[in-house]
Amino acid sequence: MAKNLIIVESPAKSKTIQKFLGKNYEVVASNGHVRDMPKSQMGIDFDHDFEPKYITIRGKGELLAKLRKEVKKADKIFLATDPDREGEAISWHLCHALKLDPKKTSRITFNEITKNAVKQSIKQSRDIDMDLVDAQQARRVLDRMVGYSISPLLWEKVKRGLSAGRVQSVALRIIADREKEIDEFIPKEYWTLEARFEVEGIKKPLIAKYYGNPNKCEITSQDEVERILSELQGAKYEICDRKHGERTKKPPLPFTTSTLQQEGAKQLNFATRKTMQVAQQLYEGVQVKGHGTIGLITYLRTDSTRISEEADAACKTYIAETYGEENVIEKVGKTKSKKKIQDAHEAIRPTYVELTPAQVKESLSRDQFRLYQLIWKRFVASRMHSAKYETLSVKIEGNGHRFTSAGSKLVFPGFLSVYQSDEDKEEANVVLAKLKEDSKIVLDELTKEQHFTQPPAHFTEASLVKTLEELGIGRPSTYAPTISTLISRRYVAKEQKNLYLSELGDIVNTIMVSAFPSIVDVNFTATMEALLDSIAEGNVEWKTVIRNFYPDLENSVDQAEKALEKIEIEDEVTDVECELCGRNMVIKYGPHGKFLACPGFPDCRNTKPYYEKTGVKCPKCGGEIVVKKTQKGRRYYGCENNPECDVMTWQKPSAKKCPKCGSMLLEKGSKLVCADNTCGYLEEKPKS
């Protein structure tokens with residue numbers, strides 16, 4: 001019998017697919033890319049119309065030799081790399097690296113790793129789509145031109161190890177602009193006035209907020225609030241308006257890459273990179289008890305919310321059987337389609353809706369389970385009816401001034417019975433429900449409070465991904481690596497969930513904005529993404545884009561070389577003395593992060609580990625509690641005098657001591673808990 005060879009990207013995927021096919025098929029993995037442009041040079045032949053130079057990636061020689069042996073045995077080869085531009089390019093590179101015969105080589109793609117999907121893809125095999133390959137080549141060449149032209153300039157003018165990137169530098173500018181907006185923000189004063197009424201026949205008080213006199217107005221000063229209070233003295237209050245209404249809350253659409261990363265950050269506290277890593281595991285296949293190795297979700301890089309007819313029907317059947325026919329929605333809402341190649345894919349959904357999170361929990365790691373549960377619930381919720389609320393609102397008048405109170409009551413949960421976020425959890429206003437137009441109300445208390453408007457929030461990974469998507473910058477596969485690069489280059493510091501611009505990031509952004517304004521221009525970058533989409537659709541020749549782009553870049557680099565002055569970044573001096581020469585040591589950066597070094601180098605070569613201080617004293621020896629890391633990189637808190645002092649904890653210590661036993665208090669969620677388990681003391685953590 002003829003032997004068929006299927007080449008996929010990852011070993012995990014090859015194991016999953018192998019079990020779907022008979023002995024007549026052999027499934028092997030390329031372990032990602034096999035060819036790329038050389039790291040040591042630009043890798044673009046400018047004399048021959050910007051032709052990229054490709055070489056075998058170091059370390060892939062032995063793997064390619066094994067693949068060639070498998071190719072020789074096969075009568076038919078199927079290239080089954082990922083169903084996106086990058087996957088198409090990998091298949092094209094495999095053709096060249098393995099010198100595959102076009103007559104016996106075909107390209108297959110599938111959005112989910114299931115038996116039906118894989119077998120159907122083999123029946124629908126095709127040639128490699130060179131439009132998709134060229135779109136990916138254009139992206140790589142553009143990124144290489146920007147990175148390899150501007151980065152050496154940053155090394156020369158600032159310091160070695162810095163980098164610029166076509167998408168990375170725009171993302172940095174977006175963060176820097178937000179930082180500037182926060183720094184320049186001038187808060188405005190405003191006041192709120194809250195009334196507490198006693199209602200005849202109802203035990204609970206009615207709380208209402210000041211509305212206006214009688215039209216809506218804001219209270220902007222203490223003088224205004226005092227004037228209103230004086231006008232309300234001795235006022236009699238009555239209900240002047242009471243309205244019933246209804247409102248609906250639509251179910252969410254299934255996940256795209258962007259929305260998955262955002263919800264992963266909000267609900268699971270996952271970094272974007274972690275969300276993608278765990279999703280990749282679920283897509284490629286995991287060992288599930290009673291099912292063997294199966295892919296649990298569909299392809300994870302997509303900006304489409306479309307769902308196949310089969311999956312839609314299966315989900316609606318499941319909802320009808322589990323939650324009742326009345327919960328099944330007939331027509332699902334849609335977003336405005338953006339013309340991108342990923343729209344050929346489905347949204348991210350479970351491959352088998354009947355495999356509930358509870359059924360697979362034992363077979364998954366904690367992170368895999370939590371992410372699968374999020375994807376499963378979101379998909380099922382997207383096929384359910386809207387939630388329905390009864391709304392109630394009243395207006396209360398006294399001496400011409402009005403107060404309002406509003407509330408809602410959930411009357412039909414719909415999708416909320418499956419998928420609920422914090423903002424969906426609303427409490428019904430019981431007092432309003434019992435209130436009548438002729439109810440007698442008496443003022444109990446008026447409370448005034450001063451406020452100030454707040455600056456825009458710092459970006460989190462989730463909000464940055466959302467902004468990049470809205471502006472049309474980058475694509476689903478680029479969000480996570482872009483953010484990771486900004487953090488690893490120390491242009492941006494991540495504290496708690498917020499992203500903060502570092503001094504280094506500020507310097508690099510200032511250079512980029514002054515010397516390369518078009519590269520960091522949001523509209524220019526979005527337009528470039530649209531051009532890459534046009535290449536993928538076969539409407540634009542890829543080298544035309546490169547030919548138009550490079551002369552301006554070359555001119556900008558030449559001008560920046562002459563105009564920019566060298567910038568010195570001083571090392572941060574610490575209060576730690578070098579025990580060899582007495583100088584104050586400075587903070588340096590190495591491959592594994594910060595370390596302390598003597599500024600007297602090369603005369604004095606003393607170095608030592610750098611530990612971030614917590615401001616908490618060790619309860620045992622009085623030393624400083626510092627942040628440390630295990631060999632695997634896990635963060636913990638320990639005494640600086642280790643190993644002489646063995647105090648350590650996984651939770652962050654508080655400067656406050658336990659009032660009951662005097663031990664350290666540890667931060668656990670919203671609580672401060674005594675480090676001594678036998679004590680049992682806990683209290684609310686002060687709000688920062």
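Throughout, numbering of the chain's residues begins at 1 and tracks the sequence. Just so you know, these numbers come straight off a predicted model, no measurement behind them.
In this structure, Thr275 OG1 and Leu268 CG are separated by 7.0 Å, a value rounded to the nearest 0.5 Å. Rounded to the nearest 0.5 Å, atoms CG (Leu260) and CE (Met276) are 7.5 Å apart. To the nearest 0.5 angstrom, Ile348 atom CD1 is 8.0 Å from Gln261 atom CD. Interatomic distance, Leu392 CG to Arg242 CZ, rounded to the nearest 0.5 Å: 6.0 Å. To the nearest 0.5 Å, the span separating CD1 on Ile511 from CG on Leu154 amounts to 5.5 Å. Taken to the nearest 0.5 Å, the OG1 atom of Thr259 stands 10.5 Å off from the NZ atom of Lys466.
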Begin with the C-alpha distance, continue with both residues' side-chain angles, and end with the deciding distance and a verdict on salt bridge (Lys or Arg N to Asp or Glu O under 4.0 Å) for Asp223 and Arg227. CA-CA 6 Å; Asp223 289 342; Arg227 176 182 59 78; over 6 Å; no

From CA spacing to verdict: side-chain contact (heavy atoms from CB on, under 4.5 Å), Thr302, Phe255: CA-CA 9 Å; Thr302 176; Phe255 280 129; over 6 Å; no

I would like to know whether His458 and Lys497 meet side-chain contact (heavy atoms from CB on, under 4.5 Å); could you show each step before the answer? CA-CA 9 Å; His458 284 278; Lys497 288 185 177 183; over 6 Å; no

Lys448 and Gln222: CA distance, side-chain angles, deciding distance, side-chain contact (heavy atoms from CB on, under 4.5 Å) verdict: CA-CA 9 Å; Lys448 62 181 181 181; Gln222 187 171 4; 4.1 Å; yes

Starting from the C-alpha separation in whole Å, work towards a yes-or-no answer on side-chain contact (heavy atoms from CB on, under 4.5 Å) for Val647 and Cys618. CA-CA 7 Å; Val647 169; Cys618 174; 3.7 Å; yes

Apply the test side chain to side chain donor-acceptor pair (under 3.5 Å) to residues Thr220 and Glu224: give CA-CA distance (whole Å), side-chain angles for both, the deciding distance (0.1 Å), then the verdict. CA-CA 7 Å; Thr220 56; Glu224 275 188 55; 2.6 Å; yes

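No more than 12 heavy atoms of other residues, nucleotides or ligands lie within 6.0 Å of NZ in Lys377, so this atom counts as exposed by the packing criterion. For Glu218, the CD atom is loosely surrounded, since the number of other residues' heavy atoms within 6.0 Å does not exceed 12. Counting heavy-atom neighbours within 6.0 Å of Glu238 CD, excluding the residue itself, gives a total of 12 or less.
The residues Glu667 and Lys685 are annotated as salt-bridged, a charged nitrogen and a carboxylate oxygen being separated by less than 4.0 angstrom. Ionic pairing of Glu194 and Lys209 is not present here: no N-O contact between side-chain nitrogen and carboxylate oxygen is shorter than 4.0 angstrom.
Looking at Ser169, its side chain never comes within 3.5 Å of a backbone N or O of Arg166 through a donor-acceptor pair. Without hydrogens or angle criteria, Glu330 side chain to Val328 main chain gives no donor-acceptor distance under 3.5 Å. Judged by distance alone, the side chain of Ser484 and the main-chain N or O of Pro481 form no donor-acceptor pair under 3.5 Å. The backbone N or O of Asp521 sits less than 3.5 Å from a side-chain atom of Thr525, completing a donor-acceptor pair. A donor-acceptor pair under 3.5 Å links the side-chain atoms of Thr391 to the main chain of Gly245, judged by distance alone. Checking side-chain atoms of Arg378 against main-chain N and O of Leu253 turns up a donor-acceptor pair under 3.5 Å. Proximity of a side-chain donor or acceptor of Arg196 to a complementary backbone N or O of Glu445 within less than 3.5 Å is not detected. Looking only at distances, no side-chain donor or acceptor of Asn584 sits under 3.5 Å from a matching main-chain atom of Val573.
Checking Lys494, Lys274, Arg273 one by one against Glu461, the side chain to side chain donor-acceptor pair (under 3.5 Å) holds for a single residue, Lys494. The side chain to side chain contact (heavy atoms under 4.5 Å, CB included) with Tyr479 is formed by just one residue from the set Thr272, Leu464, Val167, Leu468; it is Leu468. Of the candidates Ile175, Val508, Asn509, Val508 is the only one forming a side chain to side chain contact (heavy atoms under 4.5 Å, CB included) with Tyr491.
Counting only heavy atoms from C-beta outward, the side chains of Asn498 and Phe459 never approach each other to under 4.5 Å. By the 4.5 Å heavy-atom criterion applied to side chains, Pro456 and Arg178 are counted as neighbours. The shortest side-chain heavy-atom distance between Ile219 and Ile228 falls under the 4.5 Å cut-off. Using a 4.5 Å cut-off on side-chain heavy atoms (C-beta onward), Ile207 and Ser405 make no contact. Between Gln267 and Leu374, the closest side-chain pair of non-hydrogen atoms falls below 4.5 Å. At a threshold of 4.5 Å between non-hydrogen side-chain atoms, the residues Thr257 and Asp303 do not count as touching. The shortest side-chain heavy-atom distance between Gln262 and Glu469 falls under the 4.5 Å cut-off. When side chains are defined from C-beta on, Leu410 does not count as touching Lys388, because their heavy atoms never get closer than 4.5 Å.
Checked against the 6.0 Å centroid threshold, Phe403 and Tyr210 count as a close aromatic pair. Proximity of the aromatic rings of Phe415 and His385 is defined here by a centroid distance below 6.0 angstrom, and this criterion is not met. Aromatic ring centroids of Phe197 and Tyr237 lie under 6.0 Å apart.
Closest of all the heavy-atom pairs between Thr256 and Ser304 is CG2-O, 3.5 Å. Across all their heavy atoms, Gly615 and Ala655 have their closest contact at O-CB, 4.5 Å. Counting all heavy atoms, side chain and backbone alike, Gly398 lies closest to Ala235 at C-CB, 4.2 Å. Residues Leu501 and Glu179 approach most closely at N-OE1, 3.4 Å, considering heavy atoms. In this structure, Ile319 and Met384 approach most closely via the heavy-atom pair CD1-CG, 3.5 Å.
For the residue pair Glu390 and His244, no side-chain donor N or O sits within less than 3.5 Å of a side-chain acceptor on the partner. For the residue pair Tyr610/Glu612, the side-chain donor-acceptor check at 3.5 Å is not satisfied. Side chains of Gln168 and Ser163: a donor-acceptor N/O pair is present below 3.5 angstrom, by distance only. Thr485 and Ser488 form no side-chain donor-acceptor contact under 3.5 Å, judged by distance and modelled atom types alone.
Ring-plane geometry between His451 and Tyr190 is classed as parallel, the angle between the planes falling under 30 degrees on a 0 to 90 degree scale with a further cut at 60.
In this structure, Lys628 is positioned above the aromatic face of Tyr611, its NZ or CZ under 6.0 Å from the six-membered ring centre and within 45° of the axis. The side-chain tip of Arg247 points at the ring of Tyr389 from less than 6.0 angstrom away and within 45° of straight on.
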